[in-house]
Amino acid sequence: MKNSLSLSFIFFSPSLFTATLLLTSQCTIVQSAANDLIAQTCKQTPHYSLCVASLKSVPKSSGEDVRGLALIMVDIVRAKASTALRFINQELKRSPGLRRPLRFCASCYDAILTADIPEAIEALQKGDPKFAENGTNDAAVEATSCEDGFHGKSPLTNLNREVHDTSVVASAITRLLL
């Protein structure tokens with residue numbers, strides 16, 4: 001009995017190996033095509049490495065088209081802007097001497113989160129990439145305005161740069177849809 005079991009394992013082993021090899025090859029091809037679209041898309045943005053790292057950090061990006069990649073990038077901008085606004089609100093409590101520029105920044109980030117990002121998302125969902133590009137460009141301008149309000153002494157420099165840079169990447173991706 002033991003010998004017949006070994007023979008049947010050997011008999012089925014080549015076909016199991018072939019099936020596994022084919023499945024692995026197909027998964028690799030699909031993943032490679034997804035990575036190629038991300039790389040090809042990101043090469044057309046001003047921050048290639050940031051674009052690739054941001055999109056690859058979201059697992060569902062591997063199955064998306066360019067419109068889907070744009071939506072993912074806009075969502076990344078929203079997350080970074082939310083982080084910046086939380087930081088601003090904390091700084092308002094800790095740094096009363098920076099109250100004026102922090103309040104200005106709060107209004108900038110409020111505009112990003114309540115107007116620019118929703119405009120971009122809605123426009124992408126409706127197939128109007130020009131308005132999406134406007135929304136993401138506006139978000140970049142708001143982040144820069146916040147930074148400029150400190151005249152070189154900003155506690156938000158890194159956050160403003162992240163929001164600005166992801167916004168211009170999102171804008172470049174939406175521009176590909178025009």
Side-chain angles (χ1 to χ4, degrees), residues 15-90 105-106 108-144 146-147 156-178:
S15 61
L16 180 62
F17 175 76
T18 302
T20 303
L21 184 62
L22 286 173
L23 184 59
T24 303
S25 296
Q26 289 173 345
C27 289
T28 302
I29 290 169
V30 169
Q31 186 64 35
S32 178
N35 287 338
D36 286 348
L37 180 60
I38 290 172
Q40 178 184 359
T41 301
C42 290
K43 282 179 185 173
Q44 299 178 65
T45 71
H47 302 286
Y48 175 80
S49 296
L50 173 65
C51 179
V52 169
S54 296
L55 290 174
K56 286 188 174 183
S57 74
V58 178
K60 73 176 187 172
S61 67
S62 64
E64 296 290 341
D65 57 8
V66 174
R67 182 180 142 299
L69 296 177
L71 280 164
I72 289 169
M73 203 66 207
V74 169
D75 195 49
I76 290 168
V77 173
R78 179 178 47 180
K80 291 189 179 298
S82 295
T83 298
L85 187 56
R86 281 192 301 277
F87 180 80
I88 291 165
N89 288 327
Q90 291 169 353
C105 285
C108 290
Y109 278 97
D110 185 58
I112 291 171
L113 292 167
T114 62
D116 302 333
I117 296 302
E119 174 188 12
I121 291 170
E122 182 179 352
L124 285 166
Q125 290 171 339
K126 290 183 175 180
D128 192 352
K130 185 61 186 162
F131 282 107
E133 182 184 18
N134 291 344
T136 54
N137 282 335
D138 289 348
V141 168
E142 295 287 355
T144 299
C146 169
E147 186 66 24
L156 290 159
T157 299
N158 290 337
L159 291 169
N160 285 329
R161 185 178 305 118
E162 288 176 13
V163 172
H164 175 272
D165 291 354
T166 54
S167 294
V168 297
V169 167
S171 178
I173 294 173
T174 60
R175 195 174 308 115
L176 297 174
L177 298 169
L178 294 174

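All figures in this text were calculated on a predicted structure; none of them were measured in a lab.
Cys146 and Tyr109 make their closest contact through SG-CE1, 4.0 Å (heavy atoms, listed as atom of the first residue, atom of the second, distance). Minimum interatomic distance between Ser57 and Pro59 (heavy atoms only, all atoms of both residues): O-CD, 3.5 Å. Listed here is the closest heavy atom pair of Leu159 and Ala84: CD1-CA, 3.9 Å. Nearest heavy atom pair, residue Ala170 against residue Val77, reads CB-CG2, 4.3 Å.
To the nearest 0.5 Å, atom CG of residue Leu55 and atom NZ of residue Lys60 are 11.5 Å apart. Annotation: the span from Ser167 atom OG to Ile76 atom CD1 amounts to 11.0 Å, rounded to 0.5 Å. Here Leu177 contributes atom CG and Arg67 contributes atom CZ; the two are 8.5 Å apart, rounded to the nearest 0.5 Å. Annotation: the span from Ile173 atom CD1 to Thr136 atom OG1 amounts to 9.5 Å, rounded to 0.5 Å.
By the disulfide bond (SG atoms under 2.5 Å apart) test, Cys108 pairs with no residue at all, sequence neighbours left out.
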Evaluate the criterion side-chain contact (heavy atoms from CB on, under 4.5 Å) for residue pair Ile112 and Ile117; output intermediate values, then yes/no. CA-CA 6 Å; Ile112 291 171; Ile117 296 302; 3.8 Å; yes
Checking side-chain contact (heavy atoms from CB on, under 4.5 Å) for the pair Thr144/Glu147: CA distance, chi angles, key distance, verdict? CA-CA 5 Å; Thr144 299; Glu147 186 66 24; 5.7 Å; no
Could you please spell out the steps behind the side-chain contact (heavy atoms from CB on, under 4.5 Å) verdict for Met73 and Thr166? CA-CA 7 Å; Met73 203 66 207; Thr166 54; 3.9 Å; yes
Give the intermediate values and the outcome of side-chain contact (heavy atoms from CB on, under 4.5 Å) for residues Ser54 and Val169. CA-CA 10 Å; Ser54 296; Val169 167; over 6 Å; no
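Looking at Ile38, Thr174, Val58 one by one, the single match for side-chain contact (heavy atoms from CB on, under 4.5 Å) with Leu69 turns out to be Ile38.
Using a distance-only test at 3.5 Å, with no hydrogens or angles considered, a donor-acceptor pair links the side chain of Gln44 to the main chain of Gln40. Distance alone, capped at 3.5 Å, places no donor-acceptor pair between the Ser171 side chain and the Asn137 backbone.
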Can you list, pair by pair, the side-chain donor-acceptor contacts under 3.5 Å of residues 119-134, counting residues two or more places apart and other chains?
residue	atom	partner	partner atom	Å
Glu122	OE2	Lys126	NZ	2.7
Lys130	NZ	Glu133	OE1	3.2
Glu133	OE2	Arg175	NE	2.7
Glu133	OE2	Arg175	NH2	3.3

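If you check the side chains of Asn158 and Arg161, you find a donor sitting under 3.5 Å from an acceptor.
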